[in-house]
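A quick write-up on the structure given underneath.
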Amino acid sequence: MKHLISPLDLSVSELTDILNLAEDIIRDPGKYSDCCHGKKLATLFYEPSTRTRLSFEAAMLNLGGSVLGFSSADSSSAAKGETVADTIRVISGYADICAIRHPKEGAPLVASMYSEIPVINAGDGGHNHPTQTLADLLTIKILKGRLDHLTIGLCGDLKFGRTVHSLINAMVRYPGVSFVLISPEELRIPTYLREGVLKKNQIPFREVHTLEEVLPELDILYMTRVQKERFFNEEDYIRLKDTYILDSKKMALAGKDMLVLHPLPRVNEIASEVDSDPRAVYFKQAKFAVYVRMALILTMLGIKADES
Ligand code: NCD
């Protein structure tokens, strides 16, 4: 049994297989509509979520399976002091696979150590969010036609943004990828990524403070929200939250083929006037997330369409 805790738990070839499967699901969803009949997905969400939890649930329902779970720590026995280790031991008897989101970095890894069913990390604190990365990669692959030879701008909260951390880890494995890291000084990427991933793998990258200076050179602009819930001090959040606001004026500086991605939820960082720009693909990205999670569930449960 395999878990998905970090984006690196999937090799490039496993990743390719999942993305190809997701594309086949998009082409012919009917072929997969009963593949998970009798299977259950548990969603253990100790932190707020709209897209991740509901797209996991939609994915399992689209596959003919069922879902159960909780959507806040308050409504689970965590409120009584139960540990993740105990909870997952119990859930292992109720479901076939589970997705867990937790505010503490490493909680899904702990769960995987005690679990009898495959565990998927649906976001752990400011650390990783590997299934958002799958959605990001599927979006780039389908709409850009490739995952290699791309200049990717990552903008916003690069310190606490787990989607950014997972995306960097996944993308450095493709040839010709370079990064432009756009953030305020206080929200630069963590050292373990700058030194341990980018520099160690000799990936070209530079760190800048403004969007305007780099927009013309980007193939992908990945916008992110300043992660309010990870700040110790509200004043810092208020000071930093509106550092970057992408609007039509800034979009005019970008190339005609640049794509704007955002894991969502957006707060202020993309003005709503950008939504109608054909380069803004974040709502498509949210939709692709369902197909890629369907592909992930099938892969982790070892189910093939023609066998069912
Ligand atoms: C992201 C997350 O939870 O990290 N949301 C998501 O899963 N699509 C991004 C965010 O909350 O800013």
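Keep in mind that what you see is a predicted model, and the values were worked out from it rather than measured. Atoms within a ligand are numbered from 1 in the order they appear, just like the ligands themselves.
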Under a 3.5 Å threshold, yes or no: a donor from one side chain and an acceptor from the other, between [X] and [Y]?
X: N121; Y: N128; result: no
X: N20; Y: D17; result: no
X: T43; Y: R53; result: no

Original post:
Do S71 side-chain atoms and F45 backbone N/O form a donor-acceptor pair below 3.5 Å?
Top reply: no
Subject >> Under 4.0 Å from ligand 1, counting heavy atoms only: the protein residues, by chain and number >> reply: T52, R101, H129, Q132, R162, T163, R225, Q227, P263, L264, P265
Original post:
Which class fits the ring pair Y192 and H127: parallel under 30°, tilted 30 to 60°, perpendicular over 60°?
Top reply: tilted
Subject >> Sub-6.0 Å ring centroid separation between F205 and F179 >> reply: no
